[in-house]
Amino acid sequence: RSSDLVRRRAGREVYSSGCHGNFVCSPISLGFCFVSYLRSLVSSDEEFDAFLAAYVEKFQYRSVLSEDLFGFFFERFPHLKGVESKEGFEFDRWLNVPGSPPYYPDLSAGESLTKPAEALAAYWLGRIPEAEKPDVGALEKWPTYQVYSGERHPLIRIN
C-alpha cells in the first residue's frame, strides 16, 4: 500500500472486492480530472493550451508544488481568483480529501474512437455474432489510442 503522502500527491486509490472476492486496487487519475476542471474554467482550448505551454516552459526540469501550479494559474487568469474555494470544488479537497474527485470531464467525444474498439473487443469475446462482425480491416487505420482501447477492453471485461 502506498504511503499517505504518495496517495495524496499522486492520486487516490479505491479499494474494492473484485471478481471471485479478490482484492482490487484501481487508481483514479486525480491529476487528469483536476487539469480538466481547470480547463473547464477557461474560455477556450487555445487559451488553456497557451497556459499549459507557458507552464511547461517556466517549470520544466524542476520539482513543482501544487501551490506553484495554483499561483501560475491565477497569474495567467486573475479573473478566476476565488474558484479555488468554490464549495465542493476546493483545491485543497483535491489534494487532501480521500475519495473520488469532485469533477469528472465529459469524455463522450471520445466515443467515436472507443465504440468501434469496444465492438471489436465484444466480437473477439464472442458477444457479437459473425453476421454483425465489425470491419477488422479498419483496424489498420485506427490511431494508437483506438488500437489500445480495443486491446484493453477484452482484459477488462472478462469476469
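Residue numbers count from 1 along this sequence. Being a predicted model, the structure only gives us computed values, none of them experimental.
Residues passing the salt bridge (charged side-chain N to carboxylate O under 4.0 Å, His left out) test with Asp106, sequence neighbours excluded: none. Listed by chain and residue number, nothing satisfies the side chain to side chain donor-acceptor pair (under 3.5 Å) test with Arg76 (two or more places apart in sequence, or in another chain). When the salt bridge (charged side-chain N to carboxylate O under 4.0 Å, His left out) test is applied to Glu84, the partners found at least two apart in sequence or on another chain are Lys81. Phe48 is linked by a ring pair (Phe, Tyr, Trp, His ring centres under 6.0 Å) to Phe51, counting only residues two or more places apart in sequence or in another chain.
Across every non-hydrogen atom of Cys33 and Tyr104, the tightest pair is SG-CD2, 3.9 Å. Contact detail for Glu90 and Glu87: the closest heavy-atom pair is OE2-CA, 3.4 Å. In this structure, Leu95 and Ser66 approach most closely via the heavy-atom pair CD1-OG, 3.3 Å. Counting all heavy atoms, side chain and backbone alike, Leu80 lies closest to Phe74 at O-CE2, 3.4 Å.
A centroid separation of less than 6.0 Å is found between the aromatic rings of Phe77 and Phe73.
Phe34 CZ to Tyr103 OH: the interatomic distance, rounded to the nearest 0.5 Å, is 12.0 Å.
The side-chain hydrogen bond (donor to acceptor under 3.5 Å, both in side chains) analysis of residues 35-44, with sequence neighbours excluded, yields the pairs Arg39-Asp45, Ser43-Glu47.
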Carefully, step by step, assess Leu38 and Phe91 under the rule side chain to side chain contact (heavy atoms under 4.5 Å, CB included). CA-CA 10 Å; Leu38 292 180; Phe91 286 8; 3.8 Å; yes
Could you list the donor-acceptor pairs under 3.5 angstrom formed between side-chain atoms of residues 55-64 and any protein atom two or more places apart in sequence or on another chain?
from: Arg62; atom 1: NH1; to: Lys58; atom 2: O; distance (Å): 3.4

